[in-house]
Enquirer: 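What follows is a single structure, and I will ask about it in a moment.
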2 protein chains.
Amino acid sequence: MVRMTEQRRVIYEILSREAWHPTVDELFLEAKKSLPRISQATVYRNIEALIQDDLATKIVGLNGPARFEKTKAPHAHFECRSCGAIKDIFIDTECINSIMDNKEIQQCATETIVVKLLGLCQVCRETNI
Amino acid sequence: MVRMTEQRRVIYEILSREAWHPTVDELFLEAKKSLPRISQATVYRNIEALIQDDLATKIVGLNGPARFEKTKAPHAHFECRSCGAIKDIFIDTECINSIMDNKEIQQCATETIVVKLLGLCQVCRETNI
DNA sequence: CTTGCAAATGATAACAGTTATCGTTAAGGT
DNA sequence: ACCTTAACGATAACTGTTATCATTTGCAAG
């Protein structure tokens with residue numbers, strides 16, 4: 001049976017911060033502030049459990065470690081191809097619906113749609129020139 | 001200066017097969033059939049070079065190794081959340097355009113849009129029940 | 001030709017991110 | 001208070017990828 005432990009509660013609370021798409025390392029460092037003895041393995045385990053319960057979502061980028069976010073209403077992600085930062089983009093539900101209105105997609109038993117925009121974030125545009 | 005070597009030519013030829021989204025391992029095993037002495041490092045190097053030349057595209061899944069495809073007209077991918085298999089989905093250009101018609105996206109200097117559908121492929125649906 | 005040079009290769013070590021293992025801790029029920 | 005068992009912390013093992021380096025290859029100038 002699954003317990004809502006202090007560790008999981010803390011990880012979920014960190015994940016719930018706005019505009020925050022932390023990696024496991026970032027979650028770990030944040031969690032240590034309130035739970036100094038927490039292990040990185042615990043972060044991996046609990047983020048996985050939160051995903052199973054559909055409270056968290058995994059975001060994979062082209063490079064680097066996975067990022068995570070609190071599960072929320074469907075939206076898109078802008079991913080910086082240089083630093084990997086993620087920014088939420090709220091796109092019109094109409095757009096999603098029009099994509100899903102496709103015979104091939106419906107035949108495939110699609111459960112989730114992921115829309116990602118790739119480019120250079122403003123920070124990298126300003127520093128990398 | 002960059003040479004179009006025999007190894008790169010073979011890797012690109014393998015990548016060009018229809019409905020084929022191989023991993024580095026799969027490319028390596030295929031390439032060995034015509035170049036028995038090829039090294040896995042060469043596959044990594046050449047796939048990277050093909051990506052730089054925009055002849056190949058990297059596809060990252062939720063788990064497992066990256067997959068690759070020959071660069072072609074914009075399309076979507078169906079990804080099986082169980083086996084990681086990729087299937088090309090040809091969606092209406094209208095849908096892409098309607099997503100890109102978004103102030104936030106345009107401000108972000110978006111270069112590429114990736115649309116992914118997640119679900120269980122037919123093989124996994126039939127075997128994993 | 002053959003010599004010289006730069007780029008690419010093959011082999012393999014190193015690295016990063018993640019998952020598995022295992023002995024210990026602690027929460028919740030009886 | 002005790003018992004059971006899920007979860008924990010520490011760390012080893014594993015997987016996918018990148019870096020290193022000595023060797024080979026292909027082109028070009030002599």
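Just so you know, these numbers come straight off a predicted model, no measurement behind them. Side chains are part of it too, since the values below use all heavy atoms of this structure and drop only hydrogens, waters and symmetry mates.
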Enquirer: Could you state the atom-to-atom distance from CD of A:Glu6 to P of C:dG28 in whole Å?
Expert: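 Roughly 11 Å, once rounded to whole Å.
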
Enquirer: Of all the choices, C:dA8, D:dG16, D:dG9, which nucleotide is nearest to the side chain of A:Arg37 once you look at every atom?
Expert: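 Of the options given, the side chain of A:Arg37 lies nearest D:dG9.
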
Enquirer: Determine whether A:Ile91 and A:Val114 fall in the same hydrophobic cluster, where Ile, Leu, Val, Met, Phe, Trp and Tyr are linked whenever their side-chain heavy atoms lie under 4.5 Å apart.
Expert: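 No; A:Val114 is not reachable from A:Ile91 via cluster members.
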
Enquirer: Using whole Å, what does the distance between atom C1' of nucleotide D:dG26 and atom CZ of B:Arg9 come to?
Expert: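 Rounded to the whole Å, the gap is 16 Å.
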
Enquirer: If you look only at distance, which donor and acceptor atoms sit under 3.5 Å apart when one is on a side chain in residues 52-63 of chain A and the other is two or more places apart or in another chain?
Expert:
residue : atom : partner : partner atom : Å
A:Gln52 : NE2  : A:Glu48 : OE2          : 2.6
A:Thr57 : OG1  : A:Thr71 : OG1          : 3.0
A:Lys58 : NZ   : B:Leu62 : O            : 3.0

Enquirer: Give each protein N/O atom lying under 3.5 Å from an N/O atom of nucleotides 19-27 of chain C, with the pair distance.
Expert:
none

Enquirer: Which nucleotide in the list D:dG9, C:dT9, D:dA7 gets nearest to the side chain of A:Thr5?
Expert: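 The listed nucleotide nearest to A:Thr5's side chain is D:dA7.
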
Enquirer: So what does A:Asp25 hit on the nucleic acid, given a heavy-atom distance under 4.0 Å: a base, only sugar-phosphate, or nothing?
Expert: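 Nothing: the residue A:Asp25, judged by heavy atoms under 4.0 Å, touches no strand.
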
Enquirer: Whole Å only: how far is the CG atom of A:Leu35 from the P atom of D:dA10?
Expert: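 Distance check: A:Leu35 CG to D:dA10 P gives 12 Å.
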
Enquirer: Check the distance between C:dA7's P and B:Gln52's CD and give it to me in whole angstrom.
Expert: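 For the pair B:Gln52 CD and C:dA7 P, the rounded distance is 16 Å.
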
Enquirer: Provide the full list of salt bridge (charged side-chain N to carboxylate O under 4.0 Å, His left out) pairs with a residue in residues 95-122 of chain A, sequence neighbours left out, each pair given once.
Expert: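 Pairs touching residues 95-122 of chain A that pass the test: A:Glu79-A:Lys116, A:Glu104-B:Lys87, A:Glu111-B:Arg81.
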
Enquirer: Rounded to whole Å, how long is the line connecting atom CZ of B:Phe28 with atom P of D:dT18?
Expert: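 Atom CZ in B:Phe28 sits about 16 Å away from atom P in D:dT18.
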
Enquirer: Nearest-Å distance, CG (B:Asn46) to C1' (C:dA7)?
Expert: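 These atoms are roughly 12 Å apart.
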
Enquirer: Over how many whole Å does the gap from A:Arg67 atom CZ to C:dG17 atom P extend?
Expert: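 Checked: the CZ to P distance equals 11 Å.
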
Enquirer: Considering residues at least two apart in sequence or located in another chain, which fulfil the side-chain hydrogen bond (donor to acceptor under 3.5 Å, both in side chains) criterion with A:Glu6?
Expert: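 Expected list: A:Arg9.
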
Enquirer: Taking distance alone, no hydrogens or angles, what donor-acceptor pairs closer than 3.5 Å link side-chain atoms of residues 10-17 of chain B to residues at least two apart or in another chain?
Expert:
residue : atom : partner : partner atom : Å
B:Ser16 : OG   : B:Tyr12 : O            : 2.7
B:Arg17 : NH1  : B:Glu30 : OE1          : 2.9
B:Arg17 : NH2  : B:Glu30 : OE1          : 3.3

Enquirer: Applying ring-ring contact (aromatic ring centres under 6.0 Å, His included), can you list everything that pairs with A:His21, at least two apart in sequence or on another chain?
Expert: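 With neighbours one apart ignored, the set is A:His77.
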
